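None of the values given here were measured: they were computed from a predicted structure.
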Amino acid sequence: MGKDIREDIAWAHINQDVLKSLENPRPLFWVIVFVALMMFGVGVGCEVYQYQMGMGVAGLNNPNVWGLYIATFIFWIGMSHSGTLLSAILHLMHADWRKPIYRFAEAMTTFSLMTAGLFVMVHLGRLWQFYYAVPYPNERWTWPNFQSPLLWDAMAIFTYLSSSVIFLYVGSIPDFAICRDNIHPGWRKNLYTLLALGWEGTDRQWRNFRVTYLTVACFLIPLAVSVHSIVASDFAMSQQPGWHVTSFPPYFVAGALYSGCAAIITLFIILRYVFKFEEYMTMPILKKTVRLTFAIAMVWTYLNLIEFASVWYSHDEVAKAVLIDKATGRFAPFWWAMNFCGSVVPFTMMVKRWQTSIPIMFAVSLLLNLGMWLERWMIVTPTFSHGYYPWTMDTHYWPSLVQWGIVFGSFGWFTLLFMVFCKIVPSVSMYEVKEMVYHRSLATKKAELGLEGGH
Amino acid sequence: MSVSNLLENWSKFRHTHPVGDKGHPDWEAYPSEIKWAMSIDLDACTGCNACSVACYAENNLPVVGKEKYSHGQAMHWMRIERYWDEDKREVPNQGAQFLPMLCQQCEAAPCETVCPVGATNHTEDGLNSQIYNRCIGSRYCSANCPYKVRYFNWYDYPTTENVWPAPMEQQLNPDLTVRGKGVMEKCTFCKQRTYTARNNAKTEGRKIHDGDVQTACQQACPTNAISFGNLFDPESRVAKQWEQQQVELIKEEQEKDVKPGNNLRGYRIFEELRPYPSVMYLERVRESDV
Amino acid sequence: MIENGFNRRDFLKVLGWGGTAVALSGCGNTSIENGKETVVSYVEPTDYQIPSIGVYYNSTCAQCDAGCNIEGRVREGRVLKLEGNPASSINRGKMCGLGQAGVQAHYNPDRVTEPLLRAGTTTENITWEKALATINDKLNGLKGEEIAFLTGGVSGHVKVLLKNYLDVLGSKNHYAYEAVSPAVVRASNKKAYGVEMPRLHLDKAKVIVSFGADFLGAWVSPVHFSQQYAQFRKGNRPEGRGVLVQIESKMTLTGANADRWIPIRPGTEGILAMGIINALGVGVPADVAAAARDYTTDRVSKDTGVSAEQILGLTELLKARSPSLVLAGSAAEGYSHGSQNAAAIALLNQVLGNVGKTMDAPANVQFAQLTPTTGNSLALNDLNDVMAMGKLKVLFSYGVNPVYTAPDCLKLKDNLNKVPFKVALAHYLDETAMEADLVLPLDSALEDWGSSVPEYMPEPQLSIQQPLMENLYPNTRGVGDILLALLKQRHADQYKAYEDFYSYLRGAFVQNKAALGGAGADDDAFWNETLGKAMVKLPGTAGSLSGKPTVAGLSLPATKASEGAYPLRLIPSVSPSQRDGRHANLSWLQESPDPLTTVVWDSWVEIHPKTAAKLGIVEGDIVEVTSLSGSIKSQAYLFPGIHPDAVSMPLGYGHEAMGRYAKGTGANVFKILDPLFDKETGELAINETNVRISKTGKRVVIVKEEGPNGGSQLGRPKIAVKVSSDKVDLSKEV
Ligand code: SF4
Ligand code: SF4
Ligand code: SF4
Ligand code: SF4
Ligand code: SF4
């Protein structure tokens, strides 16, 4: 395998390269921002209409009371996982190669969580009363229902979001200081000054920084696992066929990591080009990410098969009927597409040559995420349209354009946030890349001197 | 720090069950001596829909119109389902079967536990209540109701054209609200009626008698297929029917059903899911050798 | 109860541990022990606040001719809901959906609220003075035979005033028209039993064999019969649970409740009745047996399409279980030999010895002038002929909508145009009111005074309809008031004692209080009590049925071979809620699914799946139904409960006027009925029309209550409905 990074990049050069991304990206950046803005506009238009008219315009009905909003909500929650979780795990494991890519991965986490949060709002019949679900002291002493997985959900997501933001922020402090010191005066400089919290790079600061960062990383790992487990509880704790599956929590976590990794690949490729990060986001790193993604894809496939098998052998007639309906009913094309994208497409990642092929990996990562989105849809909808009670089954159900519009818009919203972030915050961690370069050069030197310990 | 606090059964503060939770101290105003229940005799039910219309009249149900009906957005709290014998005959040799389906007022209601804001609760007289002004419209309750008898206000029906065009709004029953957009609703066992009856009884310093209160659907039903009353009152028709059919509320399988050769026709739908429904149905009878 | 031991500071401490920590707040150093009971929602639904008390007033349902006694719930001067009057012997506190929708007829947004005068193409609102003066003008100088009244069935004091008015005008032209009525059965009953409507005792029968009498749905007095039916089904009555056999070509609501549903080739009901008589053998009077001899089981089976096994089984059942009750309903009477069908069915009932057991005579009522004048379709034919000849100068219509209900082939609209002045007393601007020169807006049934004697009632009674609230509109009037005003135009002095119809009605009751059970009572007290109950017992003497079966004149045509161009029989169905279409503008009823097909807000064409397969039709195909007399389009619904040789469509849909909910909803089946009539009574043979079905190439998704599964339990039987057979023990049931 090639080198994750060249060991001879000068530190000043790193600063220069990364800070350049805050100044003049390729024109494609602006194209992406514009398209994202348009998409977001579509979503906002649909939401305004839905808010005015009522949820009916989403084409939801009895029994299909949940639809794409919930499916896409889970998708975004899932998407959020890889960023912070991987960053934290790899950090603990001292995997050096995470360093150039973890920052944007964490940003991805934060923004997909925010997008997911939007879907909760979009989904609510009375979003203007959303705060009823928040435990706050009020004059009537009414509390939310602590028994409801939806409430755990709200809390878990909020906690995860706040912790992820902290993690992202703490990890960026030394970089903010670099920005502060290098960028020309203006509002941005003021901003960086503020954000850098007076970072001087003193010994004491570094020591405190390391401890804090490690602590947050340790805290985040179980938290992230719990978040998607709790999202899984929305389903697993219910009593509906196809949902009350014990393996849902690990299945959801695996799915989350999977879609997150796939998204990292997509964004890796985009950022690499748009911000001219070819030096840092190198092919060996892509290769490692691809291999990791493949491993997770197999875990997901396994858990997916487990789910089918346990439904099949449980002889729970109703759950079985839902499974059969998924494979043969109205949604069969989507269900098969999900299995294809989720379990077959990843095998392209086994081809060595393709692991570093930008166009192929770009396409594959998009397909994987399509598969993961379909997975969420196929968890939500078939159970509604083919539930327990035969009279109310509605297999003709199809989401309305308003639902599609908002889902579409959410991708615009996410992209917009993400792109704006990358334009303001260094999306490659400068200080850690320097560490990486240092370690590498040290290792090379040791090897040259014939000492042991190089890796 | 209190682990026992953590392990507390928090549901107890949100749900009261006349069955099981008897004597819960907080409900002095309405001691748990009432458990409303229903039984519907499918052999008497002719499928005539009178009950359903009565519910529209009593409970301010909106008429949604053809288009919304086609989208599955009808609001009938009482729906009459029509089934055919699935014997693959070309022409049925018996009639159809009708089933009036309404909220089963489950004693362990799957819809209650999942509501994030506690907008749907168990009342001390054994009903699954719906608090419209608390509901945020998450629809989780409907997702988890096995019977799919919860109806969501997909639109703001009071202001929708031709739902209550003037002067039709004058028909609205002031004993209960007209629900606005974004909240869930469902059959309440006509709680404005039970509430009034309970208050009257309280004022007169007596217990509720059978017949003090009729639900609107029961009252209309031309064949008396529906009986409704207090399951805790052994004199009530409902209690007698449940008893006679050997159907017990807190059971996921009735003893009589385990024994072979029982010739009783009382049953509850999805009993095995353990929601403990408060509606017992009596099987339709068909004389096959005619 | 709201003991608030959990203060804000505690809360903030807890909150300080972050979001999840709140859920797990036991982990903190803070105990929320003393606050935990506040985890209860104190937000009680506003439904728990009952602002005041409802007041109930008794009255009479005017939604159909069954005349159930009702009570209206009134709050703050508004009527909110109609409920059955428990004291009624007709409906005993119960009501059908149609009856309950009476409040919607009252609050209907499309009511006519002002008198309207049409001149050429203009329409103007006029005052009542002008309206009545115009009528007077138009009537002046006309001969009695140039004036006619077209009404539905009428009874009570409105009937009296109507008769008086016609007398004053010197006219004998009262046409009582009902588009859908059991007129043929009435005539046949009259012949067989001596009365038009014998009293039935469904609750005493062990077996009911109904030839298409939809007594649970739309026939005669459905709420009353439904209650009897419930008794009939009780396992704990001495006779045991009764068995219902329904024989008809299209499944009705009653058929849907049968233990045995027998689809029969349309029009052969009489043949099957004769076949059963023949198969009975013993106990059949000689002349009847002789007449039935030709109806061998084989032949009958061939003609009717009912298997020989079934015929014999049914015969055995009737032999084994007596008393039974055999009924002839609209399905059997709607043919050109409908009278013969009905006669044969009555004969079977007589032969089985049911007369006097499960059927007896209604009492003879003393006040004959109040008893109902029932309507039929012959009346419209007669009127139509008179109009065609241009003999009529003024036509009043009330309680009918002939422009909608008359088949196109009668050319009624053209003939109506030959009448120079047409007055419609109307609730809505329906099709007939749209043709009228003068429209008089009527009070709703919940605003108006009236009295009625139902055609079918267990005990003779006079029911009162009283206003349940103030008029919604200042310029609507009661029909009694209009008639009184018209009478006053002619004989002011005779009626001057009566300020309005109310005082007339009160006067009539008070004058006869002795006969009405108020002998010796104070006038006011009697009247108040009568109003309180809204019904009084009528004096009457026991009637009797003439029980002698007779076969004179009985001849049943063999089945008509299906005609090439029009191979299918069209059976218009009378829906329990739409009836003849007069209730199409009530949204509850439009949204109340048809019990069998569960279709809402539209009409449909019921086709047997086999027939549909032959024609390549699938559910939702828009098909054209063409008869010799016209064609209409509607959506196809594949329905197992119909004879493969027949198709069925519901009546009542397809209005071109009447209001927002009615207009344009579905298709009007009346339009395409062929001019075929029952040979004996002259009634329109409503089931005699043959049609052909063709696809139009369009397809819709039918809007209905049943889901895409068509109400199947999907191989998981007994999820929702289960059936017990006779093995259950019903005798001890509560
Ligand atoms: S039937 Fe459904 S809505 Fe009613 S209590 Fe049970 S779960 Fe809740
Ligand atoms: S829709 Fe309302 S009642 Fe149902 S779960 Fe959501 S908030 Fe609770
Ligand atoms: S009990 Fe009341 S609310 Fe429930 S279906 Fe009957 S009429 Fe409607
Ligand atoms: S009113 Fe009675 S008979 Fe009619 S559908 Fe309802 S339960 Fe059945
Ligand atoms: S049967 Fe007729 S009179 Fe009786 S309640 Fe129904 S509509 Fe009214």
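In this structure, chain C has a heavy atom under 4.5 Å from the backbone of Pro62(B), while its side chain stays farther away. Of the atoms belonging to Asn108(C), it is backbone heavy atoms, and not side-chain ones, that fall under 4.5 Å from chain B. Contacts of Ile262(C) with chain B are absent, with no heavy-atom separation under 4.5 Å from either backbone or side chain. For Arg79(B), the part lying near chain C is the side chain, with the backbone staying farther off; criterion is any non-hydrogen pair under 4.5 Å. For chain C, the nearby parts of Thr46(B) are the backbone and the side chain; heavy atoms of each come within less than 4.5 Å. Of the atoms belonging to Lys722(C), heavy atoms from both backbone and side chain fall under 4.5 Å from chain B. Contacts of Tyr267(B) with chain C are made by side-chain atoms alone, with heavy-atom separations under 4.5 Å and no backbone atom involved. Only the side chain of Thr598(C) has a heavy atom closer than 4.5 Å to any heavy atom of chain B. For a residue to count as touching a neighbouring chain, one of its non-hydrogen atoms must lie under 4.5 Å from one of that chain's; by this rule Ala57(B) touches chain C with backbone and side chain alike. Both the backbone and the side chain of Arg233(C) come within contact range of chain B, judged by heavy atoms closer than 4.5 Å. When heavy atoms are compared at a cutoff of 4.5 Å, Pro609(C) does not approach chain B at all. Contacts of His71(B) with chain C are absent, with no heavy-atom separation under 4.5 Å from either backbone or side chain. In this structure, chain B has no heavy atom under 4.5 Å from any part of Ser577(C). For Glu271(B), no part sits under 4.5 Å from any heavy atom of chain C, backbone or side chain.
A distance-only check finds a donor-acceptor pair linking the side chain of His608(C) to the backbone of Glu90(B) [under 3.5 Å]. Looking at Glu86(B), its side chain does come within 3.5 Å of a backbone N or O of Gln713(C) through a donor-acceptor pair. Within the 3.5 Å criterion, the main-chain N or O of Gly65(B) finds a donor-acceptor partner in the side chain of Glu591(C). Formation of a donor-acceptor pair under 3.5 Å by the Asn49(B) side chain with backbone atoms of Pro593(C) is found in this model. With Tyr56(B) contributing its side chain and Leu589(C) its backbone, the two residues share no donor-acceptor pair below 3.5 Å. With Gln94(B) contributing its side chain and Arg260(C) its backbone, the two residues share no donor-acceptor pair below 3.5 Å.
With respect to chain C, the highest number of heavy-atom pairs below 4.5 Å among Leu282(B), Leu42(B), Leu172(B) belongs to Leu172(B). Per-residue counts of heavy-atom pairs under 4.5 Å with chain B were compared for Pro640(C), Cys96(C), Ser592(C); the largest is that of Pro640(C). The choice from Ala96(B), Ala50(B), Ala44(B), Pro167(B) that makes the most heavy-atom pairs within less than 4.5 Å of chain C is Pro167(B). Interface summary for chain B: among Trp261(C), Phe232(C), Phe639(C), the most heavy-atom pairs under 4.5 angstrom belong to Trp261(C). Counting heavy-atom pairs closer than 4.5 Å to chain C, the top-ranked of the candidates Glu243(B), Gln219(B), Arg237(B) is Gln219(B). Interface check for chain B: of the options Leu216(C), Leu98(C), Val223(C), Leu253(C), the most heavy-atom pairs under 4.5 Å are formed by Leu253(C). Of the listed residues Ser712(C), Gly217(C), Pro644(C), Pro222(C), the one with more heavy-atom pairs under 4.5 angstrom with chain B than any other is Ser712(C). Contact count versus chain C (heavy atoms, under 4.5 Å) is highest, among Met168(B), Gln244(B), Lys240(B), Gln170(B), for Gln170(B). Listed options Leu82(C), Val103(C), Leu596(C), Ile702(C) were ranked by heavy-atom pairs under 4.5 angstrom with chain B; first place goes to Leu596(C).
To the nearest 0.5 Å, the span separating CD on Gln231(C) from OG1 on Thr223(B) amounts to 10.5 Å. Residue Arg82(B) holds its CZ atom at 4.5 Å from CD of Glu706(C), rounded to the nearest 0.5 Å. Note that the CD atom of Glu705(C) and the CD atom of Glu81(B) stand 7.0 Å from one another [nearest 0.5 Å]. Remark: Gln227(C) CD to Cys221(B) SG distance equals 9.0 Å, nearest 0.5 Å. Rounding to the nearest 0.5 Å places OG of Ser52(B) at 9.5 Å from CD of Gln100(C).
Tyr661(C) has its side chain within reach of Asn162(B): a pair of non-hydrogen atoms, C-beta onward, lies under 4.5 Å apart. Residues Lys66(B) and Asp602(C) have side chains in contact (heavy-atom distance under 4.5 Å, counting atoms from C-beta outward). Proximity of Trp601(C) to Val64(B): side-chain heavy atoms (C-beta onward) are nowhere separated by under 4.5 Å. Trp84(B) is not listed as a side-chain neighbour of Val721(C), based on a closest heavy-atom distance of 4.5 Å or more. Annotation: side chain of Pro222(B) is not in contact with side chain of Tyr229(C) (no heavy-atom distance under 4.5 Å). Residues His643(C) and Val91(B) are not in side-chain contact: their nearest non-hydrogen atoms beyond the backbone lie 4.5 Å or more apart. Between Lys81(C) and Glu58(B), some side-chain heavy-atom pair lies under the 4.5 Å cut-off.
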Please assess Glu67(B) against Val703(C) for the test side-chain contact (heavy atoms from CB on, under 4.5 Å), listing each intermediate value before the final yes or no. CA-CA 8 Å; Glu67(B) 201 211 322; Val703(C) 183; over 6 Å; no
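Gln218(B) and Lys94(C) make their closest contact through O-NZ, 2.9 Å (heavy atoms, listed as atom of the first residue, atom of the second, distance).
Within a 6.0 Å radius of CD in Glu161(B), no more than 12 heavy atoms belonging to other residues, nucleotides or ligands are found.
A salt bridge is defined here as a Lys NZ or Arg NE, NH1 or NH2 lying under 4.0 Å from an Asp or Glu carboxylate O, and Asp43(B) with Arg241(C) meets this definition. Under a 4.0 Å N-O distance rule, the pair Asp175(B)/Arg73(C) qualifies as a salt bridge. Contact check on Glu287(B) versus Arg321(C) returns a salt bridge, with a Lys/Arg side-chain nitrogen under 4.0 Å from an Asp/Glu carboxylate oxygen.
A donor-acceptor pair shorter than 3.5 Å can be found between the side chains of Asn257(C) and Arg284(B).
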